[in-house]
There are 2 protein chains.
Amino acid sequence: MTAAGTAGSTQDEVRRHNVSTLLRYVHVHGPTSRTELTSVMQLNRSTIGALTADLTQVGLVREEVPARSRTAGSGAGRPSLVVCPRPEKVYVFAYDIGVDYLIAARVGLGGSILDRRELHRLRGDYALEDVAAHLGRFTAEMLGRAEPGSVCVGVGVAIAALVRESDGQVRYAPNLGWVDAPLGRSLADMLGEYGIKARIVVGNDADLGALAEHVRGAAAGSSDAVYLTGEVGVGAGIIVSGEPLRGHGGYGGEIGHTVVNPAGRLCRCGARGCWETEIGEKAILDAAGHPDGPRSTVSAVVAAASDGDARAQAAMRHVGEWLGIGVGNVVNIFNPEVVIFGGLLRDVFPAVEQQLRTTLLTTGLAAPREQVRLVTPGLGADSTLVGAAERAFAPLLFDPIEVITGLM
Amino acid sequence: MTAAGTAGSTQDEVRRHNVSTLLRYVHVHGPTSRTELTSVMQLNRSTIGALTADLTQVGLVREEVPARSRTAGSGAGRPSLVVCPRPEKVYVFAYDIGVDYLIAARVGLGGSILDRRELHRLRGDYALEDVAAHLGRFTAEMLGRAEPGSVCVGVGVAIAALVRESDGQVRYAPNLGWVDAPLGRSLADMLGEYGIKARIVVGNDADLGALAEHVRGAAAGSSDAVYLTGEVGVGAGIIVSGEPLRGHGGYGGEIGHTVVNPAGRLCRCGARGCWETEIGEKAILDAAGHPDGPRSTVSAVVAAASDGDARAQAAMRHVGEWLGIGVGNVVNIFNPEVVIFGGLLRDVFPAVEQQLRTTLLTTGLAAPREQVRLVTPGLGADSTLVGAAERAFAPLLFDPIEVITGLM
């Protein structure tokens with residue numbers, strides 16, 4: 001139903017659109033009165049009532065008399081019922097596969113994390129089978145604590161990789177040493193053993209971090225936002241006019257591999273002077289004189305700079321300046337309302353903010369620069385995990401009745 | 001009606017959407033049979049008939065018996081009527097304001113250029129009043145040749161500038177020497193004298209070039225495309241998921257001012273090493289040893305390189321390599337199906353293509369690189385002019401009945 005599409009609208013399509021819009025609204029904003037829904041959806045009361053009845057019947061929402069009205073007596077007219085999502089009945093599994101951690105969570109409709117499991121491990125090349133086995137164990141534990149009669153409506157997976165979305169094939173995950181790993185199929189096999197037949201969606205970690213921050217984080221309400229994430233590499237999830245930038249094959253957003261310094265270092269991608277070679281973990285540790293330190297060393301460098309260590313301060317200046325150059329590029333290309341510093345950059349940003357902003361005065365054109373906010377994630381360290389959950393909810397939110405009845 | 005919106009759909013909205021979709025289809029694809037419209041719009045025959053009747057009544061389309069059926073007799077059943085846009089009755093004015101030229105055209109519904117006027121001039125700082133006066137004269141001439149009873153439904157203007165779209169204020173047009181020039185208001189005054197009350201939309205030349213190439217040029221059918229244009233500066237119009245990248249304030253796409261060589265030359269924007277400083281007109285002329293040549297000198301350099309001139313060949317290698325670096329950045333960020341080389345780069349691209357592709361092998365990540373086509377514009381030198389016309393048609397195409405009845 002985009003402006004550029006050629007398909008017309010029919011009655012069925014309108015009903016699906018309206019049911020979808022209502023469920024999405026309460027999923028994002030929480031319990032909402034019928035009166036407010038009538039107002040924000042610009043539909044009449046009887047239509048809202050009919051849409052709510054459809055969603056109630058399949059168990060996606062329930063209606064409550066608002067707490068205040070219960071005690072206020074019946075003097076003030078009939079109170080507007082509140083439409084509530086049902087997290088205890090309808091949930092997704094979300095997995096975040098990091099280079100040195102695994103996180104699994106059960107997330108209810110409405111976005112609350114109901115249960116979670118974490119495994120931290122040494123960095124190294126992990127086999128796909130190991131990852132699937134750990135996630136399987138976590139999933140079994142969490143399934144055992146789910147309410148009887150509840151239903152898993154989707155599974156979302158975040159990973160620092162180029163991913164083929166159609167089947168969850170990991171095309172290239174350099175930090176895990178994976179090339180063409182069938183993650184989607186492997187997880188489908190695992191989940192099938194537990195009777196879970198919901199759709200599995202695998203996405204790039206930066207894309208999912210951006211999605212979560214856009215839905216319920218620092219970019220909520222912003223149509224144009226860039227979520228930067230640094231782990232070993234540097235990536236970006238980008239929101240353009242309210243929609244994620246995917247690119248033709250889903251490979252968009254690889255901003256860590258834009259050349260900013262052709263006289264600089266060779267990048268592991270084969271090019272010279274990628275942004276990642278100046279602001280990535282390795283660049284920070286090299287500049288601080290700890291070329292072989294683990295990731296936690298980055299936090300130590302930030303702390304040392306704050307304590308007056310000259311070499312650590314020089315490293316922070318270096319990163320701040322190169323962040324200012326790259327963020328200038330981001331600002332000039334995307335004219336975003338907000339740039340969010342996630343992952344490793346979440347730790348680094350406060351220490352380099354002043355240098356970054358000074359450099360940005362030169363690299364960013366005035367008109368877009370004056371409109372941008374620079375912030376850390378609203379969801380803290382959970383952006384990618386929450387993003388995986390949001391992606392898992394997407395099919396349900398697009399066509400609620402069809403998806404839930406297909407799974408019941 | 002986007003997936004992320006909160007407004008529900010109503011019957012009126014559905015009708016508007018369907019009328020809009022049908023008119024847009026025949027505007028882009030030309031005369032189309034009712035049978036084909038039924039198929040592409042996925043609506044039934046009676047709905048298509050009703051929508052066509054609505055559009056016919058207000059004079060936007062007419063129906064014809066197809067030529068073949070007229071001669072074939074009535075043996076093969078009733079022929080499907082063909083729905084045709086009416087360019088002679090419904091048109092826009094499109095203006096392209098260049099640093100050394102002005103072009104004005106009258107463009108009919110369906111996209112055909114019915115009439116055009118051009119003025120070529122020396123480069124320099126031109127006053128807004130001069131530009132408005134020349135365009136006024138052109139407009140009067142073309143109005144005099146328009147069919148009686150025809151109606152101007154919009155005015156679109158392309159200019160190499162940062163533009164505030166709400167009122168057509170030119171915030172910054174360095175090549176014309178304009179800062180905060182009220183172009184929209186000035187043209188409205190001029191057009192008012194001729195009784196034209198259609199809406200005026202002023203847009204950035206690269207954005208409009210991208211729009212035209214996406215609607216009816218080299219990016220037709222592509223959801224993700226980047227249109228690069230070099231005149232004095234270098235800009236880009238970018239299509240993401242079928243929609244133009246605007247950015248929060250409409251300032252997006254300034255890819256000429258992304259830093260690619262911090263050790264390079266100072267850019268007129270104040271930063272050092274912007275892409276424009278390596279591939280822009282000045283960079284080409286400097287490298288070829290003609291620092292003060294006019295634009296036409298660039299074509300002479302291209303020709304000289306082809307004839308074996310060593311300095312010209314070195315200049316082309318320089319530009320090809322820096323194009324390869326910047327196009328690599330574009331490919332990695334946007335994963336586009338197509339990158340289009342417009343404006344000055346239209347002349348340069350064939351001469352540097354080999355060098356560009358060689359560099360791109362290193363700078364572009366394999367997955368997105370393998371998906372991109374590199375081409376010159378499908379609309380030749382007219383991309384921005386046609387884009388101005390398309391932008392002018394946009395309000396009519398969005399809500400045909402409302403807009404046309406408001407102007408009649």
Side-chain angles (χ1 to χ4, degrees), chain A residues 1-10 14 17-18 20-22 25 40-43 47 162 171-172 222-224 240-243 245-255 257-263 269-272 325 328-329 332-337 362-363 365 367-368 371 398, chain B residues 1-10 14 17-18 20-22 25 40-43 47 162 171-172 222-224 240-243 245-255 257-263 269-272 325 328-329 332-337 362-363 365 367-368 371 398:
Chain A
M1 270 219 232
T2 68
T6 56
S9 289
T10 62
V14 168
H17 172 76
N18 288 343
S20 162
T21 303
L22 196 159
Y25 193 86
V40 296
M41 290 182 64
Q42 299 165 44
L43 295 174
T47 304
L162 284 182
R171 297 296 311 279
Y172 181 49
S222 297
S223 293
D224 295 272
V240 174
S241 300
E243 300 289 335
L245 183 157
R246 296 184 64 260
H248 178 55
Y251 304 125
E254 289 293 335
I255 203 147
H257 296 287
T258 53
V259 172
V260 294
N261 187 13
C269 78
R272 187 171 291 281
I325 288 173
N329 291 354
N332 294 346
I333 294 174
F334 291 105
N335 181 202
E337 279 180 87
T362 307
T363 56
L365 297 169
Q371 297 187 325
F398 180 76
Chain B
M1 273 223 227
T2 68
T6 56
S9 290
T10 61
V14 167
H17 173 77
N18 288 344
S20 162
T21 303
L22 196 159
Y25 193 87
V40 296
M41 289 182 64
Q42 298 166 46
L43 295 174
T47 304
L162 285 181
R171 298 297 311 279
Y172 181 50
S222 297
S223 292
D224 295 273
V240 173
S241 300
E243 300 290 335
L245 183 157
R246 298 185 61 260
H248 178 54
Y251 304 125
E254 288 293 335
I255 204 147
H257 296 287
T258 54
V259 172
V260 294
N261 187 14
C269 79
R272 187 171 292 280
I325 288 173
N329 291 355
N332 294 345
I333 293 175
F334 291 104
N335 181 199
E337 281 180 85
T362 307
T363 55
L365 296 170
Q371 296 186 325
F398 180 76

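Side chains are part of it too, since the values below use all heavy atoms of this structure and drop only hydrogens, waters and symmetry mates. Reminder, nothing fancy here: chain letters follow the sequence lines and each chain counts from 1.
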Which atoms of A:Phe334 approach chain B - backbone, side chain, both or neither, heavy atom under 4.5 Å: both

Among A:Val240, A:Val40, A:Ile255, A:Asp224, which residue forms the greatest number of heavy-atom pairs with chain B at distances under 4.5 Å? A:Asp224

Please flag which part of A:Ile333 lies under 4.5 Å from any non-hydrogen atom of chain B: side chain, backbone, both or neither. both

Residue A:Leu162 versus chain B: region with a heavy atom under 4.5 Å: side chain

For B:Asn329, is it the side chain, the backbone, both or neither that has a heavy atom under 4.5 Å from a heavy atom of chain A? both

Can you find a pair of side-chain heavy atoms, one from B:Val260 and one from A:Pro262, that are under 4.5 Å apart? no

Which of the residues A:Ala367, A:Ser222, A:Ser241, A:Pro368 is involved in the greatest number of heavy-atom pairs with chain B at under 4.5 angstrom? A:Ala367

What part of A:Thr363 gets within 4.5 angstrom of chain B, counting heavy atoms only: side chain, backbone, both, or neither? both

Quick one: closest heavy-atom pair of B:Val14 and A:Val14, and the distance? CG2-CG2, 3.0 Å

Bottom line for A:Arg171: the part with an atom under 4.5 Å from chain B's heavy atoms is neither

Honestly, the part of A:Ala263 sitting under 4.5 Å from a heavy atom of chain B is neither

Looking only at heavy atoms, which two atoms of B:Asn335 and A:Arg246 are closest? And how far apart? OD1-O, 4.1 Å

With rounding to the nearest 0.5 angstrom, report the CG to OH distance, B:Asn332 to A:Tyr251. 13.0 Å

Give, as side chain, backbone, both or neither, the part of B:Leu245 having an atom under 4.5 angstrom from any heavy atom of chain A. both

If you tally heavy-atom pairs under 4.5 Å between each of B:Gly328, B:Ser223, B:Gly249 and chain A, the highest tally belongs to B:Gly249

Out of B:Gly253, B:Gly250, B:Pro336, which one racks up the most heavy-atom pairs below 4.5 Å with chain A? B:Gly253

N/O donor-acceptor pair under 3.5 Å between A:Asn18 side chain and B:Ser9 backbone: yes

